[in-house]
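Atoms considered below: every heavy atom in the structure, side chains included; atoms not considered: hydrogens, waters and symmetry mates. Residue numbers count from 1 along this sequence. Quick caveat: nothing in here was measured; it's all calculated off a predicted structure.
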Amino acid sequence: EVQLVESGGGLVQAGGSLRLSCAASGFTFDDYAIGWFRQAPGKEREGVSCISRSDGSTYYADSVKGRFTTSSDNAKNTVSLQMNSLKPEDTAVYYCARYSRRVCLRDAYDYWGQGTQVTVSS
């Protein structure tokens with residue numbers, strides 16, 4: 001059974017940092033790209049980042065470039081999202097998702113975690 005479990009969310013002041021983790025199980029970790037998404041109340045889901053398995057490339061939304069970094073620990077089957085210089089507009093539920101391929105193809109994700117809340121106070 002494919003499972004993705006996020007952790008690391010919480011409440012932080014603007015300018016602070018959080019590190020989210022996505023623990024994966026039930027599939028060959030290195031065969032699938034993993035992405036992070038977020039959804040704020042009343043807003044559409046937004047893609048935040050993706051890490052490709054074909055060459056390790058990473059991709060970021062313009063809104064988080066230079067502040068967020070995604071990385072993979074293949075020994076632990078975990079993908080992390082380091083979030084620095086957080087802003088109130090980063091407040092959302094953050095989800096990790098498995099893409100159906102090794103590359104970060106648009107809309108090509110098939111499994112989701114349950115999400116973790118990130119709240120940034122001003």
Side-chain angles (χ1 to χ4, degrees):
E1 178 188 5
V2 173
Q3 285 194 325
L4 300 167
V5 180
E6 303 94 337
S7 61
L11 173 64
V12 64
Q13 288 189 331
S17 298
L18 281 175
R19 186 177 182 87
L20 306 183
S21 292
C22 174
S25 61
F27 62 97
T28 303
F29 186 64
D30 198 41
D31 283 350
Y32 300 89
I34 300 290
W36 285 96
F37 297 79
R38 66 186 182 185
Q39 188 164 22
K43 295 188 176 181
E44 291 188 355
R45 184 178 63 203
E46 175 189 18
V48 175
S49 70
C50 182
I51 184 164
S52 169
R53 296 309 191 185
S54 62
D55 59 2
S57 297
T58 54
Y59 304 91
Y60 300 94
D62 288 343
S63 57
V64 306
K65 277 181 183 176
R67 300 188 297 123
F68 290 13
T69 303
T70 189
S71 60
S72 177
D73 185 337
N74 289 354
K76 297 182 178 180
N77 283 11
T78 300
V79 172
S80 297
L81 184 68
Q82 178 66 42
M83 306 186 295
N84 298 329
S85 302
L86 283 161
K87 305 175 182 179
E89 51 263 44
D90 294 319
T91 295
V93 178
Y94 284 70
Y95 302 87
C96 63
R98 191 190 82 166
Y99 283 71
S100 58
R101 301 185 181 188
R102 293 173 61 87
V103 295
C104 301
L105 285 176
R106 184 182 177 86
D107 296 331
Y109 23 82
D110 52 9
Y111 287 93
W112 294 84
Q114 83 288 349
T116 185
Q117 176 71 47
V118 171
T119 303
V120 184
S121 62
S122 56

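Y109 and F37 have their aromatic ring centers within a separation under 6.0 angstrom.
For the residue pair S63 / E46, a side-chain donor-acceptor distance below 3.5 Å is found, with atom types taken as modelled.
Y95 is not connected to V120 by any chain of hydrophobic side-chain contacts under 4.5 Å among Ile, Leu, Val, Met, Phe, Trp and Tyr, and they are in different clusters.
Checking side-chain atoms of Q114 against main-chain N and O of E6 turns up a donor-acceptor pair under 3.5 Å.
Note that OH of Y32 and OG of S100 are 8.5 Å apart. Values are rounded to the nearest 0.5 Å. For the atom pair CG (N74) and OG1 (T28), the distance works out to 11.5 Å, reported to the nearest 0.5 Å. Rounded to the nearest 0.5 angstrom, I34 CD1 and C22 SG are separated by 5.5 Å. Rounding to the nearest 0.5 Å gives a distance of 9.0 Å between CD of Q82 and CG of L20.
For the pair I51 and W36, the minimum side-chain heavy-atom distance is 4.5 Å or more.
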* Run the numbers on S72 and R53 for side-chain contact (heavy atoms from CB on, under 4.5 Å), then give the verdict. => CA-CA 10 Å; S72 177; R53 296 309 191 185; 2.9 Å; yes

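Salt bridge status for D90 with K87: absent, with no side-chain N to carboxylate O gap under 4.0 Å.
Remark: R98 is positioned above the aromatic ring of F27, its terminal NZ or CZ atom under 6.0 angstrom from the ring centre and at most 45 degrees off the axis.
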